[in-house]
Amino acid sequence: MKANYLDDLNERQREAVITLQGPLMIIAGAGSGKTKVLTTRIAHLMRNGVDAFNILALTFTNKAAKEMKERVEKILGGHEARNLYIGTFHSVFARLLRSDAPKLGYPSDFTIYDSDDAKSVVKTIVNELNLDDKHYKPNLVYNRISAAKNSLMSPEAYQQDYYIQQEDQRASRPLTGKIYDMYAKRCFKNGAMDFDDLLYKMYVLLKSFPDVLAKYQHKFKYIMIDEYQDTNPAQYEIVKLLGAVHENICVVGDDAQSIYSFRGATIQNILQFEKDYDDVKVVKLEQNYRSTKSILNVANEVIAKNKGQIEKNLWTDNAEGEKIKLIRTNTDNEEGKTVADTIAEQKLRNHYANRDFCILYRTNAQSRAFEESLRRLAIPYRIFGGLSFYQRKEIKDFIAYLRVIMNSRDEEAIKRIINYPVRGIGKTTIEKVSIYANDQNITFWEVLERAKEFGFKAGTLDALDGFVTMIKSFRIMLDKHNAYEIALQVGKSTNIVKELFNDKTTEGLARYENIQELLNSIKEFTETPNEDGELEDNKSLGIYLQQITLLTDADNTNDENSDVVKLMTIHAAKGLEFPVVFTVGMEESLFPSGMSINSREELEEERRLFYVAVTRAKSRLFLTYANSRYRFGQLQQNEPSRFLEEVPEQFLDRSYAGGGLRNSGSLGGGASWGNMFDKRKTAAPPQGPQPARTAPRPTSSAVSNHTPSPNFAADNPHEMEPGMDVEHQKFGFGKILSMEGAPNNRIATVMFPKGGGEKKIMLNYAKLMIVRQQ
DNA sequence: CAGTTGCTGTTTTTT
DNA sequence: ACAGCAACTG
């Protein structure tokens with residue numbers, strides 16, 4: 001261990017680190033060295049004789065957990081650090097629940113449902129209750145259920161709560177409580193917990209089994225919570241229970257950066273912390289090491305507009321820096337172009353690398369314009385967020401097999417794969433199985449196993465039997481084979497891998513590669529010894545499944561060092577920093593979001609979001625907005641964001657590529673804006689006037705619709721051969737590339753240059769006319 | 001059954 | 001615009 005680790009800290013930081021006993025709240029302003037304090041504090045605890053086994057550190061993201069782990073290891077050496085419990089709330093609780101789940105009636109190999117699985121269960125139930133899913137939108141209903149669990153409200157309590165019932169009544173969804181109840185029972189029956197259950201059931205476990213509670217209270221003598229401002233009531237209560245004996249609870253957070261209330265986080269947890277415990281010590285980290293004075297000034301001015309904050313005064317010794325640059329453009333496309341141009345220019349002028357830039361937006365949909373422009377200038381970029389690897393269909397399908405092997409009660413997983421690849425088990429059959437399962441109160445799987453008793457037709461019965469036999473054959477492997485071996489076998493005997501391999505479309509290729517990547521990652525998992533050095537025992541399929549469900553794309557930090565411009569939502573940027581930040585789309589109804597301008601609380605959260613965006617920047621910050629942009633396919637005119645008006649004039653530089661606060665002239669105020677880029681040579685050929693999206697464009701149907709030749713008449717499928725030029729009524733002219741299928745059901749692969757590329761055409765149905773023989 | 005067409009609902013998102 | 005889906009049809 002480094003001997004002088006305390007010397008690297010400022011006075012406040014040191015005070016936080018050496019306060020080891022009793023409740024401690026660290027208010028850590030943006031860029032004030034929060035992670036450093038947390039990790040050093042852990043090291044200091046151990047230095048002072050605390051056993052690593054007795055320390056629990058909880059974070060929100062895997063990424064934060066990983067970073068913390070690595071940094072502690074750096075101070076202590078990996079040897080001592082490996083017994084620490086550092087992880088996300090969800091992963092730590094999943095791990096604890098694994099051993100005690102049977103106490104609650106769950107298998108210890110319970111499945112973890114991600115939100116897609118959970119919504120799908122909700123949907124099933126809404127259908128079973130014959131409710132209209134226009135009213136009972138699975139998404140909304142699931143959010144209600146999720147919120148209930150995050151406030152530790154049982155289905156019974158939910159249905160009895162007058163206020164809640166009123167709300168559901170008003171939303172004309174009075175049966176939400178009923179759905180919650182059925183949902184909970186269904187998950188239980190399926191042997192599955194959703195993300196919220198990992199918290200909720202943990203709480204129930206601690207509450208119902210005093211011996212379990214005592215065990216963990218004794219074990220976790222020191223507890224640390226990161227991002228405390230984003231905790232929800234469930235997390236709050238669990239922490240309170242776990243820490244009740246020793247009260248060595250250290251929470252770290254910044255109320256100014258609380259941006260997850262839409263997911264049940266309550267800022268009250270941090271605002272109230274002092275009242276929750278006696279003798280709370282509060283340490284404020286107010287020195288910012290990240291940003292220039294200019295940037296910090298803006299951040300402070302903006303956040304000061306919020307009410308009810310913990311008082312603090314963030315300051316820095318850093319240089320004054322440049323003013324914040326405000327850029328107005330006419331359209332969203334032009335915004336993209338201007339930002340890309342500015343990046344190119346800044347790279348030249350200030351010798352930045354690509355990785356020094358980050359483009360932050362409020363919504364994922366905004367990324368498009370920036371992608372296009374960056375690509376045009378050949379600037380490499382990467383978008384963070386969006387669909388995670390594990391949410392891709394082919395990945396979920398494959399994993400569904402593994403889930404079923406592990407837990408046959410997992411109905412959601414069975415339904416995903418029972419007819420994938422196609423094995424002749426259609427919608428009707430699945431519905432019947434569901435009904436039988438509900439009627440007899442047995443699991444979906446049991447109905448499949450005992451299909452004979454339910455009088456399916458012979459063909460269907462064969463198909464069901466085949467499926468059951470196959471799954472069982474995989475299950476036998478569990479004893480002697482690790483996750484990778486089983487996964488390989490699944491890929492082989494289901495033909496999934498082969499099928500995707502033979503699919504030569506672009507999507508097919510991507511899917512094939514994704515499956516390969518999945519298999520590789522499983523292999524990697526089985527080959528990496530875990531922290532305790534165990535290899536065999538811990539490399540089971542069960543462990544693997546629990547891990548990956550809690551993993552997300554945001555955790556893929558492997559190419560963190562690659563030299564690319566980063567694009568992400570402001571939410572995703574929390575905790576990160578970049579030399580140059582563009583906060584784009586600074587417009588009313590976009591940012592602040594139109595959904596969040598109806599209450600003070602919501603607006604304040606948007607403002608905190610803006611604060612987070614501003615404080616990501618180290619040396620240069622650009623704010624951009626467009627007079628008009630396409631949203632939902634509609635051209636929309638937006639006023640500049642009210643947040644721009646909250647930035648005092650003296651901190652702004654409007655000269656940069658134009659910029660004026662108001663939409664003065666309708667078309668950008670003449671020659672003053674955007675011109676500096678037009679005069680410069682860019683890597684791309686000059687675009688000329690931006691191809692206005694307002695200009696009449698050919699409608700999409702006109703592009704893809706081909707007008708058939710007057711003499712069009714379908715030719716006999718049997719006469720078609722590869723190499724022929726053909727005409728299709730809709731796709732236009734094309735060339736037959738190959739031919740497959742049974743003689744009486746021939747399928748041609750045809751390349752239509754103007755009709756969307758390669759298509760598979762079933763000749764019995766779609767009609768082709770031969771234009772020219774080979 | 002599978003491919004096509006038409007309709008809907010579109011913040012933020014970790015786990 | 002666009003994706004994800006339910007209903008339709010060859």
Side-chain angles (χ1 to χ4, degrees), chain A residues 58-65 87-94 112-116 118-119 123 127 133-134 137-140 143 146 149-150 193-199 227 230-232 234-235 259-265 332 360-366 368 384-388 390-391 393 419 422-428 546-555 568-575 585 589-597 602 605-606 608-609 612-613 629-636 693 697 699-701 730 745 747 759-767:
Chain A
L58 297 172
T59 66
F60 270 81
T61 63
N62 293 304
K63 195 174 172 187
T88 64
F89 279 93
H90 290 84
S91 67
V92 167
F93 294 166
I112 298 174
Y113 278 171
D114 66 20
S115 6
D116 290 337
K119 280 173 204 160
K123 200 170 169 186
N127 286 335
D133 63 4
K134 300 261 149 54
K137 284 183 218 151
N139 220 336
L140 294 178
N143 285 343
S146 175
K149 286 192 198 175
N150 284 330
M193 295 198 199
D194 64 18
F195 287 141
D196 304 316
D197 281 329
L198 294 177
L199 308 179
E227 308 278 14
D230 287 332
T231 50
N232 62 36
Q235 290 161 326
I259 54 175
Y260 281 106
S261 77
F262 72 94
R263 261 180 34 207
D332 45 357
L360 296 177
Y361 34 74
R362 179 70 238 267
T363 68
N364 282 123
Q366 286 165 257
R368 208 212 72 252
F384 290 77
L387 251 205
S388 103
Y390 295 101
Q391 286 177 308
K393 190 186 168 304
N419 199 34
V422 183
R423 51 174 73 88
I425 303 175
K427 228 168 44 185
T428 335
Q546 294 226 331
Q547 286 204 355
I548 54 150
T549 317
L550 297 173
L551 230 61
T552 49
D553 230 21
D555 307 322
M568 65 187 88
T569 62
I570 301 167
H571 281 90
K574 193 160 78 147
S589 91
L590 226 203
F591 192 20
S593 158
M595 316 289 267
S596 307
I597 48 175
E602 288 173 326
E605 178 144 323
E606 294 284 314
R608 290 193 293 270
L609 198 51
V612 168
R629 73 172 60 238
Y630 272 87
R631 273 232 285 170
F632 309 140
Q634 218 78 68
L635 188 69
Q636 210 177 61
R693 293 177 71 168
R697 288 178 300 170
T699 62
S700 57
S701 59
K730 203 183 286 171
N745 184 21
I747 300 163
K759 302 242 189 255
K760 288 197 186 241
I761 306 286
M762 300 182 77
L763 297 179
N764 283 355
Y765 300 132
K767 293 160 184 63

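What you are looking at is a predicted structure, and each value in this text was computed from that prediction instead of being measured. Values reported hereafter were calculated over all heavy atoms of this structure, with side chains retained and with hydrogens, waters and symmetry mates removed. Within every chain, numbering begins at 1; the chains are lettered A, B, ... in the order of the sequence lines, protein sequences first and strands thereafter.
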S.K.: Between P on B:dT12 and CD1 on A:I570, what's the gap in Å once rounded to a whole number?
M.R.: 11 Å
S.K.: Need one value for A:I425: base, sugar-phosphate or nothing, where a base atom within 4.0 Å counts as base even if backbone is also close, heavy atoms only.
M.R.: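 The answer is sugar-phosphate, as A:I425 gets under 4.0 Å only of primed atoms, P, OP1 or OP2.
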S.K.: Do any N or O atoms from the side chain of A:E606 and from the backbone of A:I597 form a donor-acceptor pair under 3.5 angstrom?
M.R.: no
S.K.: Could you run down the sub-3.5 Å N/O contacts of the protein with nucleotides 9-11 of chain B?
M.R.:
| residue | atom | partner | partner atom | Å |
| --- | --- | --- | --- | --- |
| B:dT11 | O2 | A:R362 | NH1 | 3.3 |
| B:dT11 | O2 | A:R362 | NH2 | 3.3 |
| B:dT11 | O2 | A:S593 | OG | 3.2 |

S.K.: Between P on B:dT13 and CZ on A:F384, what's the gap in Å once rounded to a whole number?
M.R.: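 Going from CZ in A:F384 over to P in B:dT13 covers 14 Å.
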S.K.: Expressed as a whole number of angstroms, how long is the span from A:E227:CD to B:dT13:C1'?
M.R.: 14 Å
S.K.: Could you list the residues that satisfy side-chain hydrogen bond (donor to acceptor under 3.5 Å, both in side chains) with A:K123, not counting sequence neighbours?
M.R.: none
S.K.: Do A:T549 and A:D114 meet the criterion of a side-chain donor-acceptor pair at a distance under 3.5 Å?
M.R.: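 Checked: A:T549/A:D114 side chains show no N/O donor-acceptor pair below 3.5 Å.
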S.K.: Determine yes or no for a side-chain-to-main-chain donor-acceptor pair under 3.5 angstrom, with A:Q235 supplying the side chain and A:F89 the backbone.
M.R.: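 Not confirmed, A:Q235 side chain does not pair with A:F89 backbone.
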S.K.: What is the distance, rounded to the nearest whole Å, between atom OH of A:Y260 and atom P of B:dT13?
M.R.: 7 Å
S.K.: Starting from P on B:dT15, measure out to CG on A:L58 and report it in whole angstrom.
M.R.: 14 Å
S.K.: What is the distance, rounded to the nearest whole Å, between atom CG of A:D114 and atom C1' of B:dT13?
M.R.: 13 Å
S.K.: Distance from A:R263 atom CZ to A:H571 atom NE2, nearest 0.5 Å?
M.R.: 8.5 Å
S.K.: If you measure from CZ on A:F591 to OH on A:Y361, what distance do you get to the nearest 0.5 Å?
M.R.: 14.0 Å
S.K.: Measure CG/A:D116 against P/B:dT13 and give the value in whole Å, please.
M.R.: 15 Å
S.K.: Inspect the contact between A:D194 and A:K149 and indicate whether a charged nitrogen and a carboxylate oxygen are less than 4.0 angstrom apart.
M.R.: yes
S.K.: Could you tell me whether A:R631 and A:D332 have a side-chain N and a carboxylate O separated by less than 4.0 Å?
M.R.: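 Looking at A:D332 together with A:R631, the answer is no, because their closest N to O distance does not fall below 4.0 Å.
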S.K.: What N/O pairs connect the protein and nucleotides 3-6 of chain C at under 3.5 Å? Give each pair on its own line.
M.R.:
| residue | atom | partner | partner atom | Å |
| --- | --- | --- | --- | --- |
| C:dA6 | OP1 | A:K123 | NZ | 2.8 |

S.K.: Grab the CG-C1' distance between A:D230 and B:dT12 for me, whole Å please.
M.R.: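 Result: 12 Å.
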S.K.: Between A:T88 and A:N419, which residue's closest nucleotide on DNA chain B lies nearer the 5′ terminus?
M.R.: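 First, find each residue's nearest nucleotide; the 5'-ward one identifies A:N419.
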S.K.: Any donor-acceptor pair, under 3.5 Å, between the side chain of A:T61 and the base of B:dT15, if you only look at N and O atoms?
M.R.: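 Between B:dT15 and A:T61, which were checked side chain against base, a qualifying N/O pair under 3.5 Å is absent.
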S.K.: Distance-only, no hydrogens or angles: does the A:N150 side chain make a donor-acceptor pair with backbone N or O of A:G264 under 3.5 Å?
M.R.: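 Between the backbone of A:G264 and the side chain of A:N150 there is no qualifying donor-acceptor contact (under 3.5 Å).
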